[in-house]
Amino acid sequence: MNPHGGLLSEGYVHGLNNVAQAVRELRSAGEVALVTGFGGSYGSAALLVR
């Protein structure tokens with residue numbers, strides 16, 4: 001679930017906002033978070049576990 005709207009409703013900081021939101025979710029109640037992003041022809045993913 002993406003409660004902050006992704007990159008459509010806030011400034012683009014190369015995916016850092018998505019990582020910050022995932023950390024907030026993990027600190028409150030989450031156990032696993034997947035963050036993905038892309039730029040041009042490159043893609044990335046991070047799996048964060050509490």
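None of the values given here were measured: they were computed from a predicted structure. For the numbers below, each heavy atom of this structure counts, side chains included, while hydrogens, waters and symmetry mates do not.
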>> As a quick check of understanding, evaluate side-chain contact (heavy atoms from CB on, under 4.5 Å) for R24 and R27, giving each step before the final call.
In response: CA-CA 5 Å; R24 283 196 284 285; R27 285 181 177 169; 5.8 Å; no
Side-chain donor-acceptor pairs under 3.5 Å in residues 30-38, sequence neighbours left out?
none

>> So, using side chain to side chain contact (heavy atoms under 4.5 Å, CB included) as the criterion, who are the partners of S44 when residues are at least two apart?
In response: none
